[in-house]
Amino acid sequence: MSEQTFEPKIVAFLCNWCSYRAADLAGTARMKYEPNIRILRVMCSGRVDPTFVLKAFALGADGVMIAGCHPGECHYLEQNYKAMRRYEMLSHTLKVMGVEPERLRLQWASAAEGAQLSAAINDMVEKVRRLGPLSWAGNWSENGYHLEAIERLAEEHAEAMEVPA
Amino acid sequence: MAERVGVYICHCGSNIAGTVDVESLAQWAKDTLDGVVLARDYKFMCSSLGQELIEEDIKEQGLTRVVVAACSPHLHEKTFRKACSNAGLNPYLCHMVSLREQVSWVTEDKVAAFEKAKALLAAGVRRVHLHEELEPTEVPVNPNTLVVGGGIAGIQASLELADAGYPVYLVEREPSIGGHMAQFDKTFPTLDCAACILTPKMSDVGGHPNIHLMSYAEVEEVTGYVGNFSARIRKKARYINEADCTGCGICIEKCPKRVVDDVFEVGLGYRKAVYRPFPQAVPKFPVIDREDCTYFERGTCRACEKFCPTEAIDFEQVDEYVDLEVGNVILATGYDLFDCTKIPQYGYGRLANVFTSLEFERMCNAAGPTEGKIVLRDGVTTPKSVALIHCVGSRDKRHNPYCSAVCCMSALKFGHLVMEKTGAEVTSFYIDMRPLHKNYEEFYDRLQQEGMHFVRGRVAEVSDAARRPGEEGKLIVQAEDTLIGRQRRIPVDMVILLGALQPRADAKETALRFGISCSMDGWFTERHPKLDPVATMTDGLFIAGTCQGPKDIPDSVAQGAAASARVQGMISVGTVLIEPIVASIEEARCSGCRICNNLCPFNAIDYLEDKAVSTINAALCKGCGTCVAACPAQAITGAHFNYDQITAELEGILFDAPRGNGRHARRLEPALEPAS
Amino acid sequence: MTKPKLALYWAASCGGCEIAVLAIDDKILKVAEAFDIVLWPVAIDAKVRDIEKMPDKSIDVCLFNGGIRNSEQEYMAQLLRRKSKILVAFGSCAHEGCIPGLANLYDRQSIFEYVYMQSPSVDNPQGILPQPEYQAPEGTLHLPVFYDTLKTLDQTVDVEYYVPGCPPEAENIWGVVEAVVAGLGGAPLPPPGTVLGKETTVCDECERTRAEKKIKAFKRTWEIKPEAETCLLEQGLVCAGIATRAGCGALCPKVNSPCIGCHGPNAGVEDFGARMMTALASVIDSQDPNEIQRIIEAGIPDPVGTFYRFSLAHSLLRRSALGGNGNGRGLKVPVPVPQAEVNP
Amino acid sequence: MSYAYYPGCSLTHSAEPYDLSTRAICEAFGLALAEIDDWNCCGATEYISINKAGAYGLVGRNLALASEQEGVRELVAPCSACYLNLRKVDHNMGVYPSIEAMTNYALAAGGLHYTPGSLHIRHLLDVVVEDVGYDAIAAKVVRKLDGLRLAPYYGCLIVRPQINGGTADPEYPTHLDRLLMTIGAEVVDFPLKTHCCGGHMSQISAETAYELIRHLLQNAADYDADAIVCACPMCQFNLDAFQSQVNRHFGTDYNIPVLYFTQMIGLALGMEAEELGIGREVVAADAALAKIGSAVPEVAAPRRPRRDDKALPMPRRREEV
């Protein structure tokens, strides 16, 4: 995939009450935004387990967005603060793992903020597009010359065994 | 058993089909996705014919899972769940994919739209495989109602419920009900006296057999869930036995200690250490203020005790706790007036003759500290000119961005009262006049006829620094008159600040105690700003009056009545269904680490000391899933949003992403042959 | 009747697991009595080529400890897989990568550069680094190829069972041996893929009293003298007992030291670090993003070392990014150079 | 803390006492001032309206020189006009690329360059209340200004909302009030605290200036202030030097000394009047200063409200958070 045609895949976890409704509103208002975002609904941003974010990266996502109600406006009173804390913790760790900070975004969007959410999506898609693919699984594929080494080892052992005792 | 999944793709006329090639999508789903036994596209899935299609397929094709790719689940999830349940399939085995709001309406590029639709559909199908049958639980509704706050909204709500025959507990923080309305003199736009229309209602409350009034009391704790709340009320010690007190008032008369009354008289008048906020107080029993009472201060006095004819004074009284069981709660906790000293350039607290709107209400009130005479701070001089400043702390980004809704009309009312009682010149400084209810504009017109002056402009400062002749000894109000485009300096004798209506200082704590939410400003959040203005996101908890946002008396009354109607509906049905989307803890996996224990704002999580595990009360759980995500042992499961369901959806949503070699690194294949 | 055959092997690990096998004391004699030990490089003289000659599946059980760091270890893993009926990932390294797996924060080159050149105890003026091939007068010599990424045993070959722990505790080892002996005698064995441990976490075995958690600051072990009765986490120490599979009897908390997570996550958990992160973050006592950031940065300076001390190689991300966008090579993760201590 | 110090022209001549007292209290508070080498005029209040390029170049040169000083990022100016000009140029260079280009083009002629935002420009008053802090000041007070009634005069230049760098409320600041209370003075209400002193109108249209000065003096007199305390050399000069002309013009007899807040702090720290430059003002401060150190007048017990007292109680200020 060349740099020009790279289209990132971004997973967005949207809370049922504010940000998912903001996405609904963006739809109803026919606001066009980048198709790279793929939305997954959870009841609250507090449901987003860091495992989901890591798993999304491991499964090939180029970016992950977590969206919830604005602080203080959570449908469940204060659970979005937990999302905020986990986001900070996760970012702290991902930095060390070499994942660019732009690839994980925490976005607040009230049910009335369709425009803000779609702008945030466009902004994130553009930033991740500029970063290029993450292709995380590629990180643990060895070059291939280790296969030769193993074969050679097997051959050497076989040769050694052919020598008459 | 392998699941049999039916996929239904809605055209929504051309709303979806105009952008997404629905036929190819259906074909792709059938060919590619696991377990899909049929995939149909249909013009309008939500039509009765569309729903029948699903029902027939469930019956005839033996579908065990249904995926409807159409509009947002917020629109039609209920519709399709119902169709499934009509055909005998558990409604929670149906899943909706939002192709309209998330794909066709927001995407221009048809190729990209098709790819996105595929991913969302793949996610839905993978997810629905793992869905579980869920059943809502039914709980009874206790017919008692707790009303918090005895202002006009709370009074109205209580009376309506009580008149309908249901028991009400009305809890009021102050010694008497009545709220802010009891402090007012006249009410706009009709100018009928507040007390004349309020006191009959107050005495109705006091004497109603279905209303249990607890004044000078606060709600300490609320637990439980819709239909079954428990509330703990702290009745503050009055030091007067209500059973013995006749309300004669001799104790008040004999009390030697006079203090400034900061609450009812907003600091403008005095009361005794034993007091009733006002003569018509309901209940009639006075309260001894421990802070000010000479006996509590120095250990001697007890004048009230000596003179009380019924020996009702009891200095040994302590706070009393009462536990109530109620089915619903109505919060009507009201507002606080903006602290006008926060805008020092308007002089409140610095310049004697600057007053707040509430101070003026008390001054105007015949039962107030000046017996209704409008005078300057010296207590004797009648002002010859008065300025009214609107929007003090409202429509101001540094304080409150919102409009306080009542100040324009209050200012008109004040203008009328000043002119009527003193004949003074009145000038109103406004940003915009907003007389926006029935007969309000007419009232504005009337005041213009009566000769009140209006200057459109935000006041820069109120100063006593005279500059021109005629300004000496006056308060000079400086503002730009934006209608004539000039700076004006208007010298007056008295300035009245129309302070903003603000959420109660402890509104956030109250919200937390009752398990509801506040907006950024601090007003309680309604379930829907237009269509559900008195309900909250917490079932069984309703809000009425100014605790929800600034409003005038008619609106507060309407909300009080509306909230009580909602509660009556709940009581008359008698039971409520509780969503099955809740979390649960697998006891064997729980180590009792207690990480989850304080994560639930609804107090649904309990720790069982004997078993050393945590447990979730399903009736209290609202299903947010925060504890599920937090459990370090992954011992908590969230129904309908469990780990496997979400990761399956994730795998589907990224079905086309480059996977590398997945969880396992590349293995050597074929297996190595050792030499034989 | 011939005795069942047992093999033990040691790949990328410290050797502690080997010692742990001996820590079962005199029961080792019973092991020797019950099994015919065909391979155990640390204790007996057996040749790889003899194993190669054995028919497939002729070893009844193989306890394999250590991760897969180079091509020779990968070869041995595959060989032993082929020859064994039951392959057990024995100890944290084979199970989750353990401490050697933390090298997945770096790549081969930076590891070599640090170990062979920058490390303060190294004297290597010519800057010689290990080479896979060497031309000696006698011919070409080969060394195993060192990988960029350490893999766990199950990322290399299929594994029947896992015995967690760094190292596994003696009683648990004995338990495994007994279970296998019983299984060979026809008793039912747990399903393949099972981690032989409990399905709960260390808190279950910890005697300390626990309350609701609210953390204002994370403390490091040298910063406080923990009080003996209450939960270490509540005292601010990052104790991994909340997320770590039970089975050790809460050894570390018992001696006033926080659990570091060597038993790996609870059953069914995909990523140990994520569970620690989410649990700890959830109970941080602040709603202000800047304060939260400060609490995290001040209290957890090394998040990967804290949350993935034993499990980085087995986590969802498995290693740090190699190169800018994940595909390239040679990401230069700065290698921390220890500061020389200044004597007063 | 160390600061680049820009005294400005006034402080080298008419406002030398301000410079002396500034240096004296900064030393006492441990604030190291490093005067900008070869600084020049800031263009005062008018120049920027008349010749943009010239004015920006003039101020820009000072900023460029200050930013070249080693190890300082904070630039402090005691004169309000200098402060505003420095801040305005830094701000506008940052916001408007054309101004940045123009200014740096001019500076390049002298081999200089200034990157907007590289200096944090602050008024001396903000530095004293924010960096030293009220508590630390209070701890150093050895002679409380007991019984001295002071009118805090901020002037109009230091509280411009857009480019104001301090934390004070631009409409009704109170930090000088609080500072003077901290050193023990009695602070009078001074509603005109941010009104104009007339500025250079005293040179251009004396009558306009007299009118503005009179308001301020009258307001201070109304509240029985012993002295007006200011934070700007222009304010001090106008109120002090023109007081007798104002008296002649209006037939009044104001006799209110006008001092700098730095001098008041210096006195409270126990410094001698002379080392703070006190004594060089036109309206003598002797009477006011005589009050300090004299016995504390007995505070009359607050009048208890009598039953027949009709007066309404004054609102009580809620506790400052």
Side-chain angles (χ1 to χ4, degrees), chain A residues 7 9 11 16-17 20-21 23-24 26-28 30-33 35-36 38-44 46-52 55-56 58-62 70 72-79 82-83 86 118 133 135-142 147 150-151 154 157-159 161-162, chain B residues 72-75 98 100-109 112-113 115-116 119-120 123 508 511-512 515-520 525 537 581 599 601-602 622-626 628-630 638 641 643 646-647 649-651 653-654 656-663 665-666 668 672-675:
Chain A
E7 285 300 333
K9 292 186 174 60
V11 177
N16 184 53
W17 304 97
Y20 195 88
R21 279 165 206 264
D24 277 355
T28 315
R30 314 292 205 275
M31 293 166 189
K32 303 287 182 252
Y33 56 81
N36 309 56
R38 292 171 182 185
I39 293 170
L40 205 149
R41 179 167 68 129
V42 286
M43 291 310 278
C44 176
R47 175 64 186 100
V48 182
D49 186 329
T51 314
F52 299 155
K55 181 126 188 164
L59 287 172
D62 299 297
H70 282 275
E73 295 182 357
C74 180
H75 175 77
Y76 302 102
L77 310 179
E78 48 186 23
Q79 306 302 56
K82 279 112 190 175
R86 292 180 193 144
S118 64
S135 304
W136 193 266
N139 277 312
W140 60 72
S141 307
E142 296 291 331
L147 300 179
I150 296 171
E151 272 162 33
H157 281 229
E159 279 166 24
M161 276 184 275
E162 275 163 19
Chain B
S72 166
H74 287 146
L75 260 82
S98 174
R100 193 179 70 177
E101 279 80 355
Q102 285 182 23
V103 182
S104 65
W105 274 351
V106 295
T107 314
E108 265 163 358
D109 180 346
E115 289 305 307
K116 187 173 177 184
L120 297 182
K508 293 215 160 129
L512 207 61
I516 60 170
S517 55
C518 284
S519 68
M520 298 286 258
T525 314
M537 294 292 189
I581 300 181
L599 299 184
F602 310 104
K622 307 257 185 272
C624 68
T626 303
V628 183
F641 288 91
Y643 184 83
I646 293 177
T647 47
E649 200 173 348
L650 201 51
E651 282 164 8
I653 227 165
L654 290 166
D656 56 343
R659 266 317 137 73
N661 35 21
R663 177 105 178 90
R666 195 157 162 202
L668 196 58
L672 190 69
E673 283 294 327

Inset, instruction - Hey, could you give me the CG/NE2 distance between A:Asp24 and B:His74, rounded to the nearest 0.5 Å? - result: 6.0 Å

Legend entry - Under 3.5 Å donor-acceptor, A:Gln79 side chain and B:Gly625 backbone: no

Inset, instruction - Between chain B and each of A:Lys82, A:Glu78, A:His70, count heavy-atom pairs under 4.5 Å; write down the option with the most. - result: A:Lys82

Legend entry - Minimum-distance pair of heavy atoms, taken over all atoms of A:Gly27 and B:Trp105: O-CE3, 3.2 Å

Inset, instruction - Check whether any side-chain heavy atom of B:Thr525 sits under 4.5 Å from a side-chain heavy atom of A:His75, and report yes or no. - result: no

Legend entry - Heavy-atom contact with chain B under 4.5 Å, split by part of A:Val11: side chain

Legend entry - Closest approach of A:Cys44 to B:Thr626 (non-hydrogen atoms, all atoms of both residues): SG-OG1, 4.3 Å

Inset, instruction - Please determine if A:Arg38 and B:Asp656 form a salt bridge, counting it only when a charged side-chain N lies under 4.0 Å from a carboxylate O. - result: yes

Inset, instruction - Identify which part of A:Ala56 has an atom lying under 4.5 Å from any heavy atom of chain B, answering side chain, backbone, both or neither. - result: both

Inset, instruction - Run the salt-bridge test on B:Glu649 and A:Arg41 with the 4.0 Å N-O cut-off and return the result as yes or no. - result: no

Legend entry - A:Lys9 (side chain) donor-acceptor with B:Ile653 (main chain) under 3.5 angstrom: no

Legend entry - Residue selection (most heavy-atom pairs with chain A, distance under 4.5 Å) from B:Gly638, B:Ala511, B:Gly515, B:Ser104: B:Gly515

Inset, instruction - Can you measure from NZ (B:Lys116) to CD1 (A:Ile39) and round to the nearest 0.5 angstrom? - result: 5.5 Å

Legend entry - Considering all heavy atoms, the nearest B:Ala629-A:Gly46 contact: CB-O, 3.5 Å

Inset, instruction - Determine whether the side chains of B:Glu108 and A:Tyr33 contain a donor N or O and an acceptor N or O closer than 3.5 Å. - result: no

Inset, instruction - Would you mind telling me which of B:Ile516, B:Asp109, B:Leu120 has the largest number of heavy-atom pairs within less than 4.5 Å of chain A? - result: B:Ile516

Inset, instruction - Using non-hydrogen atoms and a 4.5 Å limit, figure out which bit of B:Thr107 sits close to chain A: side chain, backbone, both or neither. - result: both

Inset, instruction - Can you measure from CG (A:Leu77) to SG (B:Cys624) and round to the nearest 0.5 angstrom? - result: 9.0 Å

Inset, instruction - Answer with side chain, backbone, both or neither: which region of B:Leu75 has an atom nearer than 4.5 Å to a non-hydrogen atom of chain A? - result: neither

Inset, instruction - Identify which part of A:Asn36 has an atom lying under 4.5 Å from any heavy atom of chain B, answering side chain, backbone, both or neither. - result: neither

Inset, instruction - Select, from B:Gly623, B:Pro601, B:Ala112, B:Ala630, the one with the greatest count of heavy-atom pairs under 4.5 Å involving chain A. - result: B:Pro601

Inset, instruction - Work out which heavy atom in B:Tyr643 is nearest to a heavy atom in A:Thr51; give both atom names and the distance. - result: OH-CG2, 3.1 Å

Inset, instruction - Report the C-alpha separation of B:Val628 and A:Arg47 in whole Å, then their side-chain angles, then the decisive distance to 0.1 Å, and conclude whether the side-chain contact (heavy atoms from CB on, under 4.5 Å) test is met. - result: CA-CA 7 Å; B:Val628 183; A:Arg47 175 64 186 100; 3.4 Å; yes

